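Here the structure comes first, spelled out in structure tokens, and everything after it is commentary.
Fair warning: this is a prediction, and the values are worked out from it, not measured in the lab. Chain A is the first sequence line, chain B the second, and so forth, proteins listed ahead of strands; every chain is numbered from 1.
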Protein chains: 2
Amino acid sequence: MRSLKRNRQSGLQSLLDQNPFLSDEELAGHFDVSVQTIRLDRMELGIPEMRERMKMVAQDAYTKVRSLSEQELVGQLRELELGSHGVSVLDTTMEMIFEKTKTVRGHYIFAQANSLAVALVDAAIALTASADIRFNQPVYAGERLVCTARVIANADKKVEIAAETTSGDNTVFTGTFIVTKLADAEVG
Amino acid sequence: MRSLKRNRQSGLQSLLDQNPFLSDEELAGHFDVSVQTIRLDRMELGIPEMRERMKMVAQDAYTKVRSLSEQELVGQLRELELGSHGVSVLDTTMEMIFEKTKTVRGHYIFAQANSLAVALVDAAIALTASADIRFNQPVYAGERLVCTARVIANADKKVEIAAETTSGDNTVFTGTFIVTKLADAEVG
DNA sequence: TATATAATTGGTATCAGGTATTAGAACCAG
DNA sequence: CTGGTTCTAATACCTGATACCAATTATATA
């Protein structure tokens, strides 16, 4: 394979990574080759046609938006005993990081613990009142965060919950949450 | 207009709202009419063809994902003086709420304050080390949250920042963040 | 009941953006 | 000069449409 082709193909790949909405004709114009050549390149690289690419993006986004708005918990629930304890797992992704540091932004880690803490409370309605939290060490994209939360005090209106998030053997986050129990009448 | 048509058209509209990926043929099958009838209905309702609908969803999602991953700050920055203070504004939406309570989930409010606190630190790399936070009252979708953060202590490696988030006249959130300043060598 | 009108169906031509395949030209190396 | 790689061209076909037109069916009203 001559380097012209190799170059074009790697260019094609990265161009479509950036912008999946380009048709073969536009691509042909960009690389100054025929449409057929682009088609051959796509075949070799296993890149589907524009419409399929758009469909993938659309479907992906559509299910993502829906599941996000339906999702009350950040992370996947692994264990939950209301009023007692719970465990959730969060796989961190590139979307959660700071560009510069490549570390996961604190509020994702907080969100996992916070939503688990709230889920733990055995009440119709529960809201975080306060929290005292500590980020012990940075988390990088790809790490699997396991959060364990436990009720440590349960009063009439307030529940105190201790949460700890680990990545492998390391404790990356600890926090204490005070969650308020509300009756339906008190909200809205 | 007869009620059959009216019914079908309102059904069509809501069906496509739920699932924009249906072709005219599938829709014709669903309503047990001809493909042409579906086309006429789409014309009258001003609904574009399936491919256009997919394209809209895809493009919308694509720009959203990109801006989200490029965005280091949750909310829009209104004022920022490095090492001193900053203000950001976050318009809360339906996507941020608990189904049951209709109140904005704590970690969105936290995320706004946390990202502003980190942005405030005059260092190449800054990470939240710990935080002590308080949610004073529930926030409902649609409220505009204004977060003000101010550096209150600045040591060699640690910066202490006080943040307050208000909605109208109400203080909905207060927090103290300890942010760690890191050199590039200490990360990655 | 006859008929005007609305609603629906069917068919044809055309398009974009492809797939799949075959044939051939251009280039380069041994 | 021959052979393999790379590129272009040509053709038939596909899906999901648009645009248009004629025919049919259903309904309401004079």
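- Remark: P of D:dT15 and CD of B:Glu26 are 13 Å apart, rounded to the nearest angstrom.
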Using nucleotides 11-13 of chain C, report all nitrogen or oxygen pairs with the protein that are shorter than 3.5 Å.
residue	atom	partner	partner atom	Å
C:dG11	N7	B:Gln36	NE2	3.4

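- Interatomic distance, NE2 of A:His30 versus CG of A:Leu15, reported as 5.0 Å (0.5 Å rounding).
- Going from atom CD of A:Glu52 over to atom C1' of C:dG17 covers 11 Å, rounded to whole Å.
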Sub-3.5 Å pairs of nitrogen or oxygen atoms, protein against nucleotides 18-20 of chain C:
residue	atom	partner	partner atom	Å
C:dG18	OP1	A:Met50	N	2.8
C:dG18	OP2	A:Asp24	N	3.0
C:dG18	O3'	A:Glu49	OE2	3.4
C:dT19	OP1	A:Arg42	NH1	3.2
C:dT19	OP2	A:Arg42	NH2	2.9

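- Applying the ring pair (Phe, Tyr, Trp, His ring centres under 6.0 Å) rule to B:Phe135 yields the partners B:Phe173; only residues at least two apart in sequence or on another chain are considered.
- Atom pair A:Leu40:CG and C:dT21:C1' shows a separation of 11 Å (rounding to whole Å applied).
- As judged by a 4.0 angstrom heavy-atom cut-off over every strand, B:Val35 is placed among residues making no nucleic acid contact.
- To the nearest angstrom, P of D:dT5 lies 14 Å from CD of A:Gln9.
- Considering A:Gln13, A:Gln36, A:Arg8 in turn, A:Arg8 is the only one that fulfils the side-chain hydrogen bond (donor to acceptor under 3.5 Å, both in side chains) rule with A:Asp41.
- Rounded to whole Å, the distance from CZ on B:Arg6 to P on D:dT27 is 15 Å.
- The distance from atom CG of B:Leu12 to atom P of C:dT8 is 12 Å, rounded to the nearest whole Å.
- Each of B:Val104, B:Thr92, B:Leu90, B:Thr166 was scored for a side-chain contact (heavy atoms from CB on, under 4.5 Å) with B:Glu143, with one residue passing: B:Thr92.
- For the pair A:Glu44 CD and D:dT5 P, the interatomic distance rounds to 11 Å; values are reported in whole Å.
- Within a 6.0 Å sphere centred on CZ of A:Arg134, heavy atoms belonging to other residues, nucleotides or ligands number 12 at most.
- Between B:Lys55 atom NZ and D:dG16 atom P there is a gap of 17 Å when expressed in whole angstrom units.
- Around atom CD of A:Gln137, more than 12 heavy atoms belonging to other residues, nucleotides or ligands sit under 6.0 Å away.
- Two residues are said to be in side-chain contact when any heavy atoms from C-beta on lie closer than 4.5 Å; B:Asn154 and B:Lys181 meet this criterion.
- Distances shorter than 4.0 Å separate some side-chain N or O of A:Ser34 from OP1 or OP2 on D:dT8.
- One distance of note links OG of A:Ser88 with CD of A:Gln112; it measures 4.0 Å at 0.5 Å rounding.
- Linking Ile, Leu, Val, Met, Phe, Trp and Tyr residues whenever their side-chain heavy atoms come within less than 4.5 Å leaves A:Leu12 and A:Val57 in two separate clusters.
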